[in-house]
Amino acid sequence: MVQREQLREAFSRRLAQACSEANLDEFGRGMAIARALGVSSKAVSKWLNAEAIPRQDKMYELATFLRADALWLQHGSETGYQSEGRESSAGHEEAAVYPFQPREEPGFRIDVLDIEASAGPGRLVSSEVTETINHIVYDSQEALELFGHRPASTIKVITVTGDSMSGTIELGDYIFVDIGKDYFDGDGIYVFLYKGQLLVKRLQMTHDCLLVRSDNPKYADWRISEENEQHLKIIGRVMYSHSIRRHA
């Protein structure tokens with residue numbers, strides 16, 4: 001948690017510096033960035049106040065708008081602000097802006113997201129920004145054994161809160177979610193939104209409804225019928241928990 005806060009604070013300082021270099025007024029920069037990137041002012045406020053870091057695609061757009069080096073803006077660097085952009089372009093009307101080329105890591109890289117799914121009454125989803133806080137990297141052979149031929153981009157790791165799936169998935173466990181399965185694909189454990197709540201439960205099809213089941217017997221089953229299925233949005237199917245147990 002402390003490391004995540006430090007990363008956010010360091011990014012917000014670089015963002016403030018880039019805004020100043022771009023001559024954006026302190027009290028109008030949030031709105032200017034929101035309009036330029038097509039995002040909400042609330043999302044930009046989180047970036048400026050060290051509450052979140054933009055997704056990589058928005059990071060590049062942000063750097064381009066501010067005429068800053070994207071690699072420096074995202075990660076910081078020893079050479080400092082735009083050492084090869086603004087400073088080396090003195091005497092030129094337009095400063096060079098270099099596309100952000102992420103460093104390739106060997107192996108199969110899975111994003112760990114800053115989002116929690118509730119194995120319990122339900123966790124309200126209020127954030128407009130989903131932040132990648134870490135990565136898990138597997139070698140190619142291990143990834144093939146665990147994930148088959150699924151691309152890494154379709155697998156995300158999130159944290160479970162609550163105890164309704166206790167016995168199968170415990171409080172605080174990481175779960176590996178196949179977001180390519182954003183539809184009901186047979187009985188199994190799914191992460192889904194229902195009436196604004198992000199849940200992880202077992203879904204089972206019956207003759208007249210979708211049965212929502214908890215593996216902890218103290219939680220009652222409930223049903224999603226045809227009349228209220230519009231409130232359901234499946235995010236993905238759970239493949240493994242943190243201990244790499246298979247959930248069929």
Write down the atom of Arg29, the atom of Ala16, and the distance for their closest heavy-atom approach. NH1-O, 3.8 Å
How far apart are the closest heavy atoms of Ile224 and Cys209, and which atoms are they? O-CB, 3.5 Å
Tell me, with the steps shown, if Glu5 and Arg8 meet salt bridge (charged side-chain N to carboxylate O under 4.0 Å, His left out). CA-CA 5 Å; Glu5 291 177 355; Arg8 291 170 181 170; over 6 Å; no
Donor-acceptor under 3.5 Å ([X] side chain, [Y] main chain):
X      : Y      : value
Asn216 : Tyr219 : no
Tyr190 : Asp185 : yes
Tyr138 : Phe147 : no
Asp187 : Met205 : yes
Asn49  : Glu51  : no
Thr64  : Tyr60  : yes
Asp163 : Ser166 : no
Arg67  : Ala22  : no
Arg202 : Asp215 : no

Crowded around Gln230 CD? As in, over 12 foreign heavy atoms under 6.0 Å? yes
I want to check something: taking the side chain as every heavy atom from C-beta on, are [X] and [Y] in contact at a cut-off of under 4.5 Å?
X      : Y      : result
Leu62  : Leu15  : yes
Pro54  : Gln74  : no
Phe65  : Leu24  : yes
Ile136 : Phe176 : yes
Phe11  : Leu73  : yes
Leu146 : Phe108 : no
Ile175 : Ile189 : no
Val160 : Met165 : no

What's the separation between atom CG in Asp208 and atom CD in Glu226, rounded to the nearest 0.5 Å? 10.0 Å
With rounding to the nearest 0.5 Å, note down the distance linking CG in Leu211 to CG in Asp221. 4.5 Å
